[in-house]
Amino acid sequence: MPHVVTRFAPSPTGFLHIGGARTALFNWLYAHRAGGKMLLRIEDTDRERSTDAAIAAILDGLKWLGLDWDGEAIHQFQRAARHREVAEQLLAAGRAYYCYATPLELDDMRAKARAEGKPPRYDGRWRDRPASDAPPGIKPVIRLKAPQTGETVLDDLVQGRVAWANENLDDFVLLRSDGTPTYMLAVVVDDHDMGVTHIIRGDDHLTNAARQMHIYQALGWDVPRMAHIPLIHGSDGAKLSKRHGALGVDAYRAMGYLPAALRNYLVRLGWSHGDQEFFSTEEMIAAFDLAQVGRSPARFDFAKLENMNGHYIRSAADETLTDLLIDTLPHLPENSAFPQKIDAAMRQKLLAAMPGLKERAKTLIELRDGAQFLFAQRPLPLDAAASGILDASARQHLAELLPRLTTLAAWSSAATEEAVRKYAEEKHLKLGQVAQPLRAALTGRATSPGIFDVFGVLGRDESLGRLADQIR
RNA sequence: GCGCCCAUCGUCUAGCGGUCUAGGACGUUGCCCUUUCACGGCAAAAACAGGGGUUCGAGUCCCCUUGGGCGCGCCA
């Protein structure tokens with residue numbers, strides 16, 4: 001396979017949103033598949049809107065998702081001198097020119113073009129004027145002398161052949177009047193200098209691709225292969241907004257999703273491999289291919305993500321999951337009924353309960369809530385359903401069961417089960433009629449892991465104590 | 001307005017001219033399992049946007065319409 005270098009190039013004007021995360025994932029997968037590299041470039045040339053906090057959030061999000069990059073992150077702003085140099089090189093070669101048009105003139109130009117049913121574009125008024133025409137006191141921008149006829153054709157790895165008539169494109173700005181580069185120039189120069197071979201990005205950049213190709217051509221540089229992947233939409237089909245998923249990846253962590261689950265969900269958005277739904281990281285890398293990326297936008301569906309997350313939780317090893325939950329605790333929304341600090345003894349308890357807990361949780365939040373009874377203090381608070389279960393006859397059953405359980409020779413799930421089943425049989429009760437009161441007394445809830453597992457995990461003293469609390 | 005992109009069940013998608021009475025997954029509904037809740041199992045409802053072509057044959061190719069999206073800055 002040929003040498004492959006991809007890059008993820010977020011602009012640090014906000015968190016790493018879900019669309020960006022998927023773009024990063026596709027770049028990462030493509031690079032790994034080819035045994036190549038994925039580079040990271042922070043596009044911080046917009047000094048007004050770029051923040052260090054956003055950079056930190058993006059790096060943190062990538063790390064959490066397990067998407068590592070090769071080498072140091074490049075900060076685009078630090079390369080401004082190089083960008084300027086290239087603009088001047090273009091100027092010297094006659095492939096770019098100074099433009100002295102004022103913002104007011106440009107506004108008029110666009111308004112007029114629109115009125116005539118043409119795309120609003122720069123009319124090239126300074127394209128062929130001699131330097132001697134330069135008005136005094138105005139700092140010029142540098143514009144690219146773009147081709148005015150013919151067409152620009154992109155062979156996109158996802159979109160296929162896309163063509164633009166050059167007359168619909170214009171002489172855009174390369175270098176601003178203050179000497180700083182525009183995004184269009186910076187991207188091309190950086191991708192070239194970084195040796196990027198494959199540009200995989202959102203299809204909101206598709207039109208930019210034509211303009212960037214003009215820069216490559218003017219410079220005589222090879223154009224990297226490009227792949228414009230469709231955007232992710234909200235559940236209503238419109239642009240992703242905060243209400244349906246345009247959250248930072250940290251928000252997904254806070255909702256209790258596993259990185260592996262989010263990765264799996266994201267990779268299946270717009271990409272498929274036959275009917276396969278679940279992919280380990282290795283499988284994903286081996287199977288991923290841009291040719292299978294669809295061209296239509298996908299809607300974000302929390303229900304499916306949640307289902308996948310449940311799958312990942314259920315199939316995770318107990319040790320792994322226990323530690324993941326503990327490590328994630330600080331990121332989850334506060335729950336005063338659950339300890340923020342888990343010591344070694346508590347961890348053991350959690351681990352022991354994990355087989356029963358993980359079957360019942362779709363998110364780490366649900367996992368935590370399900371585990372709450374483990375650490376509850378006696379006497380247990382009962383929720384509405386639990387106190388509904390514990391009526392007089394239920395408490396009577398508990399009272400009769402308590403001595404039988406107290407005298408058990410050895411305490412275990414199996415031993416308690418035998419005792420309880422025997423009691424139910426003697427009294428001609430269905431197991432549920434005694435299991436539910438036990439559950440309510442032991443966990444304070446109407447739902448929990450299997451009740452005999454609860455006995456086992458809680459241990460003799462705590463179990464008997466909780467039962468006794470409800471008898472009085 | 002102009003340019004570009006897109007269009008299969010509610011959602012993610014399989015399908016790359018005949019094997020499609022359109023397959024899988026999520027969600028939904030029903031049944032089973034069952035100490036609760038889950039899990040699991042079984043079953044059901046559910047789609048080729050519309051219209052023209054091309055072809056012996058079209059979900060698959062072409063055109064138009066409609067509907068979405070993206071772009072059109074001295075933002076990125």
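For clarity, every value in this text was computed on a predicted model and none was experimentally measured. Order of the sequence lines sets the chain letters (A, B, ...), proteins ahead of strands, with each chain counted from 1.
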Would you kindly give the CG-to-C1' distance between A:L357 and B:C39, to the nearest whole Å?
-> 14 Å

With P as the reference atom in both, quote the distance from B:G59 to B:G51 in angstrom, rounded to an integer.
-> 12 Å

Could you give the distance separating B:C48 and B:G10 at their P atoms, to the nearest angstrom?
-> 9 Å

Nearest-Å distance once atom P is located in both B:G50 and B:U55 | 23 Å

Using atom types as modelled and distance alone, determine if a side-chain donor or acceptor of A:R268 lies under 3.5 Å from a backbone N or O of A:W271.
-> yes

Please lay out, stage by stage, how A:H311 and A:F278 fare under the test ring pair (Phe, Tyr, Trp, His ring centres under 6.0 Å).
-> CA-CA 9 Å; A:H311 172 94; A:F278 290 97; 3.7 Å; yes

Per nearest nucleotide of RNA chain B, the residue lying toward the 5' end, A:L305 or A:C99, is A:L305

Spacing between A:M308 atom CE and B:U13 atom P, to the nearest angstrom | 12 Å

Gap in Å between the two P atoms, one belonging to B:A14 and one to B:G73, rounded = 35 Å

Sub-3.5 Å pairs of nitrogen or oxygen atoms, protein against nucleotides 22-25 of chain B:
residue	atom	partner	partner atom	Å
B:G23	N2	A:D275	OD1	2.8
B:G24	N2	A:E277	OE2	2.9
B:A25	O4'	A:E277	OE2	3.3
B:A25	N3	A:K304	NZ	3.2

Touch check for A:T180, heavy atoms < 4.0 angstrom, all strands: base, sugar-phosphate only, or nothing?
-> nothing

Which class fits the ring pair A:F375 and A:F338: parallel under 30°, tilted 30 to 60°, perpendicular over 60°?
-> perpendicular

For atom P, what is the distance between B:A47 and B:C5, given to the nearest Å?
-> 30 Å

Within the structure, does a side-chain N or O atom of A:R211 lie under 4.0 Å from either OP1 or OP2 of B:C72?
-> no

Give one of base, sugar-phosphate or nothing for A:R314, where a contact means two heavy atoms less than 4.0 Å apart.
-> sugar-phosphate

Specify the separation, in whole Å, of atom NE2 of A:H17 and atom P of B:A76.
-> 16 Å

Quote, to the nearest angstrom, the P distance that separates B:G68 from B:A46.
-> 27 Å

Are A:Y183 and A:H205 close enough that their ring centres sit under 6.0 Å apart?
-> yes

So what's B:C4 paired with, Watson-Crick or G-U wobble, going by both distances under 3.5 Å?
-> B:G69

Watson-Crick or G-U counterpart of B:C16, or none if no pair lies under 3.5 Å | none

Are A:N335 and A:Q372 close enough that a side-chain donor and a side-chain acceptor fall under 3.5 Å?
-> yes

Have a look at A:R110 and say if it touches a base, only the backbone sugar-phosphate, or nothing, with a 4.0 Å heavy-atom cut-off.
-> sugar-phosphate

Whether each nucleotide of nucleotides 32-37 of chain B has a protein heavy atom under 4.0 Å at its base (B), only at its sugar-phosphate (S) or at neither (-) is summarised, 5' to 3', as ---BBB

Would you classify A:A101 as touching base, sugar-phosphate or nothing, given that sugar-phosphate means primed atoms plus P, OP1 and OP2, and contacts are heavy atoms under 4.0 Å?
-> base

Centre of A:Y97's six-membered ring, under 6.0 Å away, within 45 degrees of the axis: is that where NZ or CZ of A:R127 sits?
-> no

How many Å lie between CG on A:N309 and P on B:C26, as a whole number?
-> 15 Å

Can you tell me how far P in B:C6 sits from the matching atom in B:C64, rounded to whole Å?
-> 13 Å

For the rings on A:H198 and A:Y30, is their centre-to-centre separation under 6.0 Å?
-> yes

Side-chain contact check for A:K362: nearest option of B:C39, B:U13, B:C74 is B:C39

Distance, rounded to the nearest Å, where A:D108 contributes CG and B:G73 contributes P | 14 Å

Rounded to the nearest 0.5 Å, the CG atom of A:L398 sits from the CG atom of A:L390 at a distance of 6.0 Å

Can you find an N or O donor on one side and an acceptor on the other, under 3.5 Å apart, linking the side chain of A:N208 with the base of B:A76?
-> yes

How is A:L175 classified with respect to the nucleic acid when contacts are heavy atoms under 4.0 Å: base, sugar-phosphate, or nothing?
-> nothing

May I have the step-by-step check of side chain to side chain donor-acceptor pair (under 3.5 Å) for A:Y100 and A:D133, ending in yes or no?
-> CA-CA 10 Å; A:Y100 296 86; A:D133 280 4; over 6 Å; no

Identify all pairs in which a protein N or O lies below 3.5 Å from an N or O of nucleotides 3-7 of chain B, and state each distance.
residue	atom	partner	partner atom	Å
B:C5	O3'	A:Q159	OE1	3.3
B:C5	O2'	A:Q159	OE1	3.2
B:C6	OP1	A:R295	NE	3.3
B:C6	OP1	A:R295	NH1	2.6

May I ask you to say what A:R143 touches in the nucleic acid, namely base, sugar-phosphate or nothing, with a heavy-atom cut-off under 4.0 Å?
-> sugar-phosphate

If you measure from the C1' atom in B:C9 to the same atom in B:G3, how many Å do you get, rounded?
-> 33 Å

Out of B:A76, B:A38, B:C70, minimum distance to the side chain of A:T182 belongs to B:A76

Ignoring hydrogens and angles, state whether a donor on the side chain of A:Q89 or A:E85 is under 3.5 Å from an acceptor on the partner side chain.
-> no

Are side-chain N/O atoms of A:R201 and A:T23 paired as donor and acceptor at under 3.5 Å?
-> no

So A:Y257 and A:Y252, would you call those rings parallel, tilted or perpendicular, with 30° and 60° as cut-offs?
-> tilted

Under 4.0 Å between any heavy atoms, over every strand shown, what does A:H205 touch: base, sugar-phosphate, or nothing? Just pick one.
-> base

A:Y183 OH to B:C72 P, in whole Å, measures 10 Å

Would a line drawn from the ring center of A:F288 to the ring center of A:F279 be shorter than 6.0 Å?
-> no

Side chains of A:T152 and A:N166: do they bring a donor and an acceptor to under 3.5 Å?
-> yes

Check every strand shown and say whether A:S272 touches a base, only sugar-phosphate, or nothing at a heavy-atom separation below 4.0 Å.
-> sugar-phosphate

Stacked cation flag A:R263 on A:Y265, 6.0 angstrom / 45 deg = no

Check the distance between B:A76's C1' and A:Q212's CD and give it to me in whole angstrom.
-> 11 Å

B:G27 OP1/OP2 closer than 4.0 Å to side-chain N/O of A:R299 | no

G-U wobble or Watson-Crick pairing nucleotide for B:A43 (cut-off 3.5 Å, both distances) = B:U29

B:U35 - base-pair partner by Watson-Crick or wobble geometry, distances under 3.5 Å = none

Assign each of A:D204 and A:V141 the nucleotide of RNA chain B bearing its closest heavy atom; nearer the 5' end lies the nucleotide of A:D204

Could you check how far CG of A:D190 sits from P of B:A76, rounded to whole Å?
-> 12 Å

